Number of protein chains: 2
Amino acid sequence: MSKAADTRMMILQKSFELIYRKGYQSTSIDEIIATTQVTKGAFYYHFKTKDDMGLSLITEVLYPGMYNVMIKPLEEGKNPAKDIYNVMENLLNDFVFFNPDYGCPAINLIEEMSPMNPVFKKALSKLVKQWQNAIVAALNKGKEAHIFTGTFVPEEVAMVVISGYGGVRNIGKALGKSSYKTYLKGLKTYLNKL
Amino acid sequence: MSKAADTRMMILQKSFELIYRKGYQSTSIDEIIATTQVTKGAFYYHFKTKDDMGLSLITEVLYPGMYNVMIKPLEEGKNPAKDIYNVMENLLNDFVFFNPDYGCPAINLIEEMSPMNPVFKKALSKLVKQWQNAIVAALNKGKEAHIFTGTFVPEEVAMVVISGYGGVRNIGKALGKSSYKTYLKGLKTYLNKL
DNA sequence: TTGTCAACATACCAATTAGTATGTTATGTC
DNA sequence: GACATAACATACTAATTGGTATGTTGACAA
């Protein structure tokens with residue numbers, strides 16, 4: 001990676017951390033250049049506007065990050081119910097960068113930016129759809145393998161699961177990490193009944 | 001209600017609508033006084049600071065509003081699974097003031113303000129706990145009446161339900177109202193298996 | 001070695017922000 | 001009707017905002 005590309009990625013990474021904790025609109029360019037030690041001229045050399053940077057952040061940091069944790073395990077696993085639970089537990093408990101107080105960066109951006117900027121909305125909805133599709137695909141694979149005892153519509157289960165994740169990230173901001181524990185138990189029971 | 005109290009409540013109502021659509025931090029005092037036709041002097045006569053107004057908004061607009069829709073039906077109903085579903089459907093589909101693009105005012109505030117202001121966080125966590133308690137109580141009442149066929153932990157079911165709500169309000173911002181429909185079907189299946 | 005351009009650095013700007021200082025006016029009480 | 005105070009109105013401020021105009025520097029091709 002060239003030095004310029006390094007600088008660009010460094011700005012994106014640090015901005016990601018700042019925006020994760022403070023929100024997109026409340027994170028100023030001045031604050032970003034202060035913590036990155038990059039001058040304003042450098043920032044605006046790499047990004048046309050703040051929104052250009054925000055969008056790059058979604059596609060270049062959020063997309064790759066989510067794939068490894070939320071999609072890949074579902075593609076590779078054999079037991080969908082178990083795999084979905086493990087992905088969720090991994091996300092909620094083991095991801096040390098994520099703090100219950102600050103929730104999930106992707107969920108935060110959806111909350112804040114989807115209503116404000118249609119370009120953000122589109123990029124973020126793509127993110128959601130990818131996870132949704134991965135869950136549906138995993139459930140269908142399990143159905144074909146006759147793993148499940150009951151009948152269900154994969155799309156509906158996927159929606160309950162991803163909604164549960166987004167919601168518990170929200171509730172966790174108010175009630176703390178204990179919400180995660182209770183939710184995970186409830187999720188396990190739910191998945192076992194499929 | 002005195003004229004002064006009228007003015008105060010009008011400011012709160014209009015601010016509530018603005019903040020619902022734009023977010024708390026992105027809604028400026030100048031914008032509030034422009035849409036309320038109230039001068040800055042009047043605003044700061046009724047509220048010490050912006051945060052003082054925001055907090056009043058939670059306790060004087062959000063609290064009463066949520067009680068009628070989210071709590072009361074659960075206290076009065078006889079069939080918890082059905083009652084929970086109806087509350088959810090009512091919230092998601094019939095509440096015309098709520099727009100899928102803008103989600104739920106309470107969820108929005110939790111997302112944005114819980115990490116920023118501990119006073120907001122406390123007021124909002126109270127809101128969540130009240131709904132949680134109402135759901136748990138309803139489920140326990142149903143258990144005592146031997147309505148349910150399976151066994152479950154009410155606290156865990158309540159957490160799955162309220163997380164689902166918060167989450168689908170989030171997903172709905174990205175994917176639109178169709179998410180609500182899919183989620184409601186999944187929720188119905190879930191509740192029927194209790 | 002010199003010219004060129006990518007990759008930055010510095011200094012600015014107009015608009016917007018929450019909040020204040022200092023007014024004026026309406027209203028109820030005696 | 002005088003007076004006090006509640007309920008507003010107007011004009012300002014210092015700080016912060018995203019963005020720009022105009023520099024400078026370093027590496028690499030010719």
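Just so we're on the same page: letters track the sequence lines, and every chain starts at 1. In this text, all values refer to a predicted model and were calculated from it rather than measured experimentally.
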Contact under 4.0 Å: B/Thr7 side-chain N or O vs D/dC8 OP1/OP2: yes
Gap between atoms CE and P, on A/Met10 and C/dA7 respectively (whole Å): 15 Å
A/Arg169/B/Glu111 salt bridge by N-O under 4.0 Å criterion: no
Residue pair B/Leu57 / B/Ser15, side-chain heavy-atom distance below 4.5 Å: yes
Nucleic acid contacts - residues 113-121 of chain B versus DNA chain C, non-hydrogen atoms under 4.0 Å: none
Linked, directly or transitively: B/Val136 and B/Val160 (ILVMFWY side chains, under 4.5 Å): no
Contact state string [nucleotides 13-29 of chain D, B base, S sugar-phosphate only, - no protein heavy atom under 4.0 Å]: ----BBBB---------
Whole-Å gap separating P (C/dC8) and CZ (A/Phe47): 11 Å
B/Lys78/B/Asp83 salt bridge by N-O under 4.0 Å criterion: no
Residues B/Lys40, B/Asp30: salt bridge by 4.0 Å N-O rule: yes
Donor-acceptor contact present, side-chain A/Lys22 to main-chain A/Ser28, <3.5 Å: no
B/Lys188/A/Glu156 ion pair, N-O < 4.0 Å: no
Any donor-acceptor N/O pair, B/Lys72 side chain to B/Met66 backbone, under 3.5 Å: no
Short side-chain N/O contact to C/dC8 OP1/OP2 from A/Tyr45, under 4.0 Å: no
A/Asn117 side chain to A/Lys122 side chain, donor-acceptor N/O pair below 3.5 angstrom: no
Residue of the set A/Trp131, A/Tyr180, A/Tyr183, A/Phe98 for which ring-ring contact (aromatic ring centres under 6.0 Å, His included) holds with A/Tyr165: A/Trp131
For atom CZ of A/Arg8 and atom C1' of C/dC8, their distance in whole Å: 15 Å
Separation of C/dA18 C1' from B/Ile33 CD1 (nearest whole Å): 11 Å
Exercise: do B/Tyr85 and B/Asn79 side chains pair donor with acceptor under 3.5 Å: no
Write down the protein N/O and nucleotide N/O pairs, taken from nucleotides 23-29 of chain C, whose separation is under 3.5 Å; answer none if there are no such pairs.
none

Presence of B/His46 side-chain N/O under 4.0 Å of D/dC8 phosphate oxygens OP1/OP2: yes
